[in-house]
Amino acid sequence: MNDTQLSSPGATAAPLEDRRVLLGVCGGIAAYKSAELTRALVREGARVQVVMTEAATRLVQPLTFEVLSTRPVACDMWQTAPGTRIQHTDHGRQSDLIIIAPATANTIGRIAGGLADNLLTSLVMASRTPVLLAPAMNVEMWSNPLVQENLARLTNLARYHVVPPESGELACGVDGAGRLAPIDQIMDDARRLLSPQDLAGRFVLVTAGPTYEPFDPVRFVGNHSTGLMGYALAAAAQLRGARVVLISGPTALNPPRGVEVVSVTTAIEMRAEVMTRLAEADMLAMVAAVSDYRPTARATAKIHKTSGDKEIRLALNPDILAEVGSLETRPLTLGFAAETEDVVAAAHRKRAAKNVDFLFGNLVGGGRGGFACRKNSGVLVDRSGTQESFPLVDKAELAHALLDRLAPRLATRTPEEVT
Ligand SMILES: Cc1cc2nc3c(=O)[nH]c(=O)nc-3n(C[C@H](O)[C@H](O)[C@H](O)COP(=O)(O)O)c2cc1C
């Protein structure tokens, strides 16, 4: 049995962790919103180099971005900066992604026209780095055929991506399309562009959250699962190019962008939704904390308090993971098991008992992550008996680390694993 401790930098990284992002800010009224974007990028671990056009500096002080990115802002093509030999080429080539937000009609036109007459357009011209444009402008500008033609010209090239503006009240007082896309959406597109597309063309099924097993119309047997881990896994798989269906027990979470969510309440409902989709799935991640038991009876009216104790009789619920493991053909399957002690032995035992490809055992409670917190740690075991420990990291980061291990296995599944 091998035990590897996951520690290499980048191996577990969420898409923006330690990535170099060049954020171009143009002279649009939405330039102030890019301050929020800078914070969001930095919060996810990106190293952000802000480049402002001269027009942008008239609307927002570079100092704002300098403070938020903790780096000097580059504005002038004719000035050298520490760490760069030739500023108008180095910043672009040294980046993993260029985001231009807001992208003005002017800058879009200049890039599309092949011009390189300021620092930002020169940096774009002098690199092959993917560019994400987030246009923002007045509705007349946005609907101007020249702007649309310029954008179409750029998106015809694989390097350029657009996160379109949304409709709403614009700074000029009119309602219409042209408002900078929400920061969340720009972040999501940035994450996607920096994620490996190793699940492109794959269908991934994820279960998440608790199940509630009611015994009257207002009460149930349940658990503390919040769904965070399963939602993080679904979001990560979607970013990596998969079509994802998330079968979710009751949670308070927003559906991840681009993921189809099927809401269920009980284990029996969850089983039915998994089974109907299983034949098409390439990968199944059973992250839900499915209740092992359900009350044998469900009263149609609220059970009232009476003197003395009451007993609730419980029946065994279907074991969805074991059922998948017993099927003749099945997708690559990852199970999760929450344990309060001896997690490594339990993970090996459960993986073998349920005949699944991977099992992630995580300790819950005692500050070790798991239920109802943003972080998680644990051990991943597979069919070969290999085990890998994962330190306490953000669940989004852990989701990507797990997919780093699973995605390559899709292409190399042995007959024993498939059937
Ligand atoms: C107050 C103000 C707000 C502006 N807002 C926008 C805008 O939202 N979108 C846009 O494309 N241009 C806008 N402009 C026009 C640009 O600033 C102008 O086209 C400028 O040349 C853009 O330069 P740049 O692309 O190098 O940043 C605005 C101008 C002013 C004075």
Student: Output side-chain donor-acceptor pairs under 3.5 Å for residues 272-282, partner residues at least two apart or in another chain, one line each.
Tutor:
unit_1 : atom_1 : unit_2 : atom_2 : d
E273   : OE1    : R277   : NH1    : 2.7
T276   : OG1    : A272   : O      : 3.3
T276   : OG1    : E273   : O      : 3.1
R277   : NH1    : E273   : O      : 3.0
E280   : OE1    : R243   : NH2    : 3.1
D282   : OD2    : F203   : N      : 2.7

Student: Keeping the roles fixed (side chain from T296, backbone from A315), state whether a donor-acceptor pair exists under 3.5 Å.
Tutor: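 Side chain of T296 to backbone of A315, a donor-acceptor pair under 3.5 Å: no, none is there.
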Student: Between S95 and L22, what is the shortest heavy-atom contact and its length?
Tutor: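 Of all heavy-atom pairs spanning S95 and L22, the closest is OG-CB, 3.4 Å.
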Student: Backbone N or O of V73 within a donor-acceptor pair of the Q49 side chain at under 3.5 Å?
Tutor: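 Looks like no, no N/O pair under 3.5 Å.
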Student: Quick check: closest heavy atoms across M77 and S122, and the distance to 0.1 Å?
Tutor: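 Taking every non-hydrogen atom into account, SD-OG, 3.1 Å.
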Student: Test L332 against L284 for side chain to side chain contact (heavy atoms under 4.5 Å, CB included), laying out the working first.
Tutor: CA-CA 6 Å; L332 186 80; L284 168 69; over 6 Å; no
Student: Evaluate L120 against I100 for side chain to side chain contact (heavy atoms under 4.5 Å, CB included), listing each step before the verdict.
Tutor: CA-CA 9 Å; L120 180 59; I100 305 185; 4.1 Å; yes
Student: Inspect the contact between E323 and R271 and indicate whether a charged nitrogen and a carboxylate oxygen are less than 4.0 angstrom apart.
Tutor: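 Yes.
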Student: Is R19 salt-bridged to D96, going by a charged N under 4.0 Å from an acidic O?
Tutor: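 Salt bridge flag = yes for D96 with R19.
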Student: What distance do F65 atom CZ and C75 atom SG have between them, rounded to the nearest 0.5 Å?
Tutor: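 Output value for this atom pair is 10.0 Å.
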Student: Taking the side chain as everything from C-beta on, heavy atoms only, tell me whether N355 gets closer than 4.5 Å to R383.
Tutor: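 In short, these two side chains touch, coming nearer than 4.5 Å.
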Student: Above 12 or not: heavy atoms from other molecules or residues under 6.0 Å from NZ of K310?
Tutor: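 Check passes, neighbour count above 12.
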Student: Does a donor on one side chain and an acceptor on the other come within less than 3.5 Å for Y231 and S248?
Tutor: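 A donor-acceptor contact under 3.5 Å links the two side chains.
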Student: Give the minimum heavy-atom separation between R159 and V124, together with the two atoms involved.
Tutor: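 Taking every non-hydrogen atom into account, NH2-O, 2.9 Å.
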Student: Looking at side-chain heavy atoms only, is the closest gap between P295 and V221 below 4.5 Å?
Tutor: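 Side chain of P295 against side chain of V221, heavy atoms only: contact under 4.5 Å found.
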Student: Could you tell me if the side chain of T38 sits less than 4.5 Å from the side chain of R43, heavy atoms only?
Tutor: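 Side-chain contact under 4.5 Å: no.
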Student: Looking at N254, I want to see if its CG is surrounded by more than 12 non-hydrogen atoms of other residues, nucleotides or ligands under 6.0 Å.
Tutor: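 12 or below, so no.
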Student: Any non-hydrogen side-chain atom of I186 less than 4.5 Å from a side-chain atom of L180?
Tutor: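 The answer is yes, as the side chains (C-beta and beyond) meet within the 4.5 Å cut-off.
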Student: Taking 4.0 angstrom as the limit, do E44 and R191 come out as a salt bridge?
Tutor: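 So E44 pairs with R191 through a salt bridge.
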Student: Decide yes or no on side-chain hydrogen bond (donor to acceptor under 3.5 Å, both in side chains) for R192 and Q197, but give the supporting numbers first.
Tutor: CA-CA 8 Å; R192 179 170 304 101; Q197 294 302 294; 5.9 Å; no
Student: Look at D404 together with R240 and state whether they make a salt bridge at an N to O cut-off of under 4.0 Å.
Tutor: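 Looking at D404 and R240, the cut-off is met.
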Student: Would you name the heavy atoms of G230 and L246 that are closest together and state the gap between them?
Tutor: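 Heavy atoms of G230 and L246 come nearest at O-CD1, 4.1 Å.
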Student: Do T266 and P214 have side chains that get closer than 4.5 Å, going by heavy atoms?
Tutor: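 Yes, their side chains come closer than 4.5 Å.
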Student: Once rounded to the nearest 0.5 Å, what's the spacing between atom CG of L37 and atom CE of M187?
Tutor: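 Spacing of CG (L37) from CE (M187) equals 7.0 Å.
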Student: Could you measure the distance from the CG atom of L123 to the OG1 atom of T121? Nearest 0.5 Å is fine.
Tutor: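 If we round to the nearest 0.5 Å, L123:CG and T121:OG1 are 8.0 Å apart.
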Student: Please report the interatomic distance CG(L154) to NE2(H161), rounded to the nearest 0.5 Å.
Tutor: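 One gets 11.0 Å once the value is rounded to the nearest 0.5 Å.
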Student: Taking NZ, NE, NH1 and NH2 as the nitrogens, is one of them in D216 or R298 under 4.0 Å from a carboxylate oxygen of the other?
Tutor: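 Not counted as a salt bridge, because no side-chain N and carboxylate O are separated by less than 4.0 Å.
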Student: Can a donor-acceptor pair be found, under 3.5 Å and without considering hydrogens, that links the side chain of R294 to the backbone of L316?
Tutor: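 Side chain of R294 to backbone of L316, a donor-acceptor pair under 3.5 Å: yes, one is there.
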Student: Can you check whether S127 reaches I98 side chain to side chain, under 4.5 Å on heavy atoms?
Tutor: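 Side-chain contact under 4.5 Å: yes.
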Student: Kindly indicate, with the supporting measurements, whether the criterion side chain to side chain contact (heavy atoms under 4.5 Å, CB included) is fulfilled by F390 and N376.
Tutor: CA-CA 8 Å; F390 289 70; N376 207 357; over 6 Å; no
Student: Considering non-hydrogen atoms only, spot the tightest contact between P331 and M283 and give its length.
Tutor: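 Taking every non-hydrogen atom into account, CB-N, 3.7 Å.
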Student: Please report the interatomic distance CG(L403) to CG(L334), rounded to the nearest 0.5 Å.
Tutor: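 The CG atom of L403 sits 8.5 Å away from the CG atom of L334.
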Student: Where is the tightest heavy-atom contact between S167 and R179, given as atom of each residue plus distance?
Tutor: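 Closest approach of S167 to R179: O-NH2, 3.7 Å.
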Student: Are the side chain of S389 and the backbone of V379 linked by a donor-acceptor contact shorter than 3.5 Å?
Tutor: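 Between the backbone of V379 and the side chain of S389 there is no qualifying donor-acceptor contact (under 3.5 Å).
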Student: Donor-acceptor check, side chain of S34 to backbone of A101, threshold 3.5 angstrom: yes or no?
Tutor: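 Between the backbone of A101 and the side chain of S34 there is a qualifying donor-acceptor contact (under 3.5 Å).
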Student: Between D357 and R409, is the closest basic N to carboxylate O distance under 4.0 Å?
Tutor: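 Not counted as a salt bridge, because no side-chain N and carboxylate O are separated by less than 4.0 Å.
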Student: Is Q387 close to H348 at the side-chain level, that is, under 4.5 Å between some pair of heavy atoms?
Tutor: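 Yes, side chains in contact.
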Student: Describe, in one word, how the ring planes of F220 and Y212 are oriented to each other, choosing from parallel (under 30°), tilted (30 to 60°) and perpendicular (over 60°).
Tutor: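 Plane angle under 30°, so parallel.
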Student: How long is the straight-line distance from CG of L97 back to CG of L194, given to the nearest 0.5 Å?
Tutor: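 L194 atom CG to L97 atom CG measures 5.0 Å (nearest 0.5 Å).
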Student: Is the backbone N or O of V324 less than 3.5 Å from a side-chain atom of R330, with the two atoms forming a donor-acceptor pair by type?
Tutor: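 Not confirmed, R330 side chain does not pair with V324 backbone.
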Student: The test is side chain to side chain contact (heavy atoms under 4.5 Å, CB included); show your working for L151 and W142 and say whether it passes.
Tutor: CA-CA 10 Å; L151 275 172; W142 176 244; 3.3 Å; yes
Student: Any side-chain heavy atom of D292 within less than 4.5 Å of one from N317?
Tutor: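 With C-beta onward as the side chain, the pair stays apart.
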Student: For K375 and E397, run salt bridge (Lys or Arg N to Asp or Glu O under 4.0 Å): C-alpha distance rounded to whole Å, both residues' side-chain angles, the deciding distance at 0.1 Å, then the answer.
Tutor: CA-CA 9 Å; K375 294 190 171 191; E397 201 170 321; over 6 Å; no
Student: Assess whether side-chain hydrogen bond (donor to acceptor under 3.5 Å, both in side chains) is satisfied between T104 and N106, documenting all intermediate values.
Tutor: CA-CA 5 Å; T104 51; N106 175 59; 4.7 Å; no
